[in-house]
Participant: 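Supplied in structure tokens, the structure appears directly below.
For clarity, every value in this text was computed on a predicted model and none was experimentally measured.
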Amino acid sequence: MRVTEFSQPTLSWVFIFTLATLTRYQLAGFAWFYVYHALDWGFRQIGRIASLTQRIIYPVLGLLAISAAFLSPVFGSNTSTPEIEQPTDNDAMSAIASGVEWGDMVIVSSVIVGAATFLFRKYIFGAKPAQDLTIAQKAAAAQKAVKAAVPRKEYDSDRDFVLKMRNAGKNVVVLYGSQTGTAEDFATRLAKDIQSPAVRPLVLDPELYDWQCLASLTDVELVIFVLATAGEGEATDNMEAWFNALASDPESPDDSDIPEFRRADGHELDEDIPLQDISYAMFGLGNNTYEQFNHHARVVDRRLQALGASRVGERGEGDDDSDIEEDFARWKEATLPLIRQHLGSSTPLESGDESAPEPTWKVVEVPASQQTRTKGEFFEGAVVTHDSRHPFAAPVTAAVELTPTADRHLLHVEVDLAGSGMRHESGDHIGVYPTNADEEVDLLLSALELLDKADVPIAARATDPFAPQQSLFPVETTTYRAAFRHYLEITIPVPRAQIKSLVLPFAHSEAARSFLRPLAEDKDAHAATVAAGCMTLARLINAVRDAERQAGTLGEGEEPFALPVEAAFELCPRLQARLYSISSSGKVHPDRPTITAVVLQYDSKTEQSVQAKLGSRRCGVATNYLLGALRYLRGDRAVDLESVSSAPRSGFLVTDNSQLPGSDASDVIAAKDGKGYAMQSFTLQPAQVSSTDARELTMPVFIRKSAFRLPTDNSTPIIMIGPGTGLAPMRAFIQERAQAARENPDQPMGTALLFFGARTEAHDYMYREELESLFEDIKQTAPESQIITAFSRDQPQKIYVQHRLAEHAELVYRTLLAGQQKLNGAPKAHVYVCGDAKSMAKDVSKALSALISEREGVSEEVAAKWVSDMRRLSHYQEDVWS
């Protein structure tokens, strides 16, 4: 607690003491004044119990001081009065009456009445009416309530990350804030890059450790933060406790309280700068299409410096909308020498050392008799609560094409959460763990020369006994095939830094080195060949071997290129869940969240991709997995793998190619459907128990809570802008408002406007009949509610939702007013935007500001400020992606 926090109560009571000592008998009043300050100082030094001091001690001392001044004629003496014998009771009362003037009594009585009124204000005036708090304010209030209810946490050595670091013989701890796994992957790679005899890093998940121990670090140790920003400038789930401690004031983080750090050795910390002995480095991951770009890392960086910590190097900021890998590489190039220097190590020379690195994982082939998990299980044993680490195997109850006549696949998928214990609200997200296509899995197995051993049981264990993750997979034993199918990302381009550190060292021929070195060292060459061509690990390996074949015979002592599976496991990050905005209301359909998604397929931008067996077509992992689920449920060809293979393979292989599963998929070209989509093959898991002969399917899912929420008061107007699949959360909102209108037709309801955009009305207008029916229900209580559409390709000039906002300016402005005559600040209506962050969301914000500026007669800067205030008040919310 800072000393400045005592200034307000101190000044208040100084005013009271001043009034008290204005009487003719000042001595007792001044005496009590000094007693008060002495006790005040003592309370600040012992325990710093500010709430007790302000609420109890201050008022009591103040009233005692006033009483002392008021009664001083009885217990004190006037210097001009001669000594007399002890008075009787009546004489004492007479002395009081004669010694206190009426003016003194009025002043003192007023102060007493005022103090009593303040102390008992809740009983006199009743409880203060609840305010319409922002989401940030609600979070802060909840956090304070938790702090008040929960006693101070006792020291737990198992949650002391500094102790764990020292016990492991390390001097650097790398903490990651990761929502999708990218920051965790970066942290792991960073630790390998800085590893040396003098720099010994340990990567840890902050969720498992206490932030209070941060102050225990010394000046010969270092903490490195690798922090992603989630949502609209939020901390990641695993950094939430740390972020809330460092930035206890969400609305104004720089004004946050000083956290109560502790040191295990009992060393007393500086009151204002408790982190003055620690040093840190910082790299943030974000996307500049979001307004709060890298907010998580920026806030933590500022707070650490405010608390006395010293940063090594500059704060790095990765931009996922541009080239986050290159941003990370540039930051490492500038910062790693400073880290080595800080820890007393000379900066290694760029000697071109291409020796093979020490592996992170040791792959062990285990006996076939050991229980092997091949179905993509995420945990072993029973689970009480389902979450991102323990997803629920949800039955898929519906999968249909929303726009069958369109030239692309637009899917509606519904799952059943009954029995999971999970609940969702309108605006939440559903996470889906997809499966890699069999063609991609077999292509990589073939490149690694593992096809013959694809179904051999294996375990992948950490080579470092102090590594926080001792097993690569969530189950103890799996197979090569199941590992690449269920647990690893195998369809992303290989980063340049990893080509240099994990691929080039295994190139033993001049032809292989000549092919790989430009990709590892030349940013432009890598961008043109690997990034733009989406050259996955399997395709990169095949390209290296093709270069060797073209070069002819190998030189003396040269060996053909071969990549160990341990290196492949390290090159492939963990397969992450894909998040989708739930397109159904949790109130209307409590156990049936739905997904609305467009299947992603595109052609790569370079000719190098022809070296891949599947050609230049690239397919999104999750949406094509959902398309595979739809094909299975509608009756497409599916082969029961248990009936055709003696290997430990289970599930149904959904494929349109008659060669499968007899042949390996690496030699098979995926067929295309009538829309030109490659029909990939997927191994899917049926429901555990089937009650009918109909096909049944499960997929691993979980619910991710969101701040994207309807106002609690249905009379608040809402404006929804959701082009394309951005309609998903708006559909949930509309379902909820329509149900409220049906159930409470006499209750007032605010206008609901939906701005929906798509390419064509005839082929891309999803949920049309349902939306029109729901709006008929809403109009019964909010007659101005309506759907306003923008179909960009139905006329020569492109028309988008931001254009429709301008065309319907009068209606939009009237909705924003929400019954007011003028705005004079942030509108009370709520605005929701969902969809593309790069262009659409920014254009909508500008259009809304321009509309307000014109109608209110204020400058665009003022209007933009009002829109910004709407964001701060949670009246303008976005659920956007790039």
Participant: Verify side chain to side chain contact (heavy atoms under 4.5 Å, CB included) between Y625 and M699, making sure each step is shown before the conclusion.
Facilitator: CA-CA 10 Å; Y625 165 72; M699 63 173 60; 3.3 Å; yes
Participant: Between Y176 and F186, does the ring centroid distance fall short of 6.0 Å?
Facilitator: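 No, the ring centres sit 6.0 Å or more apart.
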Participant: Test S845 against every option in Q802, E878, R871 by the side-chain hydrogen bond (donor to acceptor under 3.5 Å, both in side chains) rule and name the one that passes.
Facilitator: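 Among the candidates, only R871 passes.
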Participant: Give the C-alpha distance, both sets of side-chain angles, the deciding distance and a yes or no for side chain to side chain contact (heavy atoms under 4.5 Å, CB included) between F378 and F702.
Facilitator: CA-CA 12 Å; F378 284 86; F702 62 92; over 6 Å; no
Participant: For residues H412 and Y767, establish whether the separation of their ring centroids is below 6.0 Å.
Facilitator: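 For H412 and Y767, the ring centres are under 6.0 Å apart.
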Participant: Under 3.5 Å, is there a donor-acceptor pair linking the side chains of T596 and T725?
Facilitator: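 There is no such pair between these side chains.
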Participant: Run the salt-bridge test on D428 and R704 with the 4.0 Å N-O cut-off and return the result as yes or no.
Facilitator: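 R704 and D428: not salt-bridged.
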Participant: Going by distance alone, is a donor N or O of one side chain under 3.5 Å from an acceptor N or O of the other, for E860 and S849?
Facilitator: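 Looking only at side-chain atoms, S849 and E860 do not form any donor-acceptor pair under 3.5 Å.
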Participant: Do NZ/NE/NH1/NH2 and the carboxylate oxygens of E207 and R389 come within less than 4.0 Å?
Facilitator: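 Answer for the salt bridge query: yes.
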Participant: Hey, is CD on E769 packed in by over 12 heavy atoms from elsewhere, all under 6.0 Å?
Facilitator: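 Check fails, neighbour count at 12 or below.
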Participant: Return yes if a side-chain donor-acceptor contact under 3.5 Å exists between D879 and S581, otherwise no.
Facilitator: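 There is such a pair between these side chains.
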Participant: Can you find a heavy atom in the side chain of Y433 that is under 4.5 Å from one in the side chain of S388?
Facilitator: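 Of all side-chain heavy-atom pairs linking S388 with Y433, at least one is under 4.5 Å.
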Participant: Do D319 and S322 have side-chain N/O donor and acceptor atoms under 3.5 Å apart?
Facilitator: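 Their side chains do not contain a donor-acceptor pair, so the 3.5 Å distance test is not met.
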Participant: What orientation do F243 and H296 show, parallel under 30°, tilted 30 to 60°, or perpendicular over 60°?
Facilitator: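 The rings of F243 and H296 stand perpendicular, inter-plane angle above 60°.
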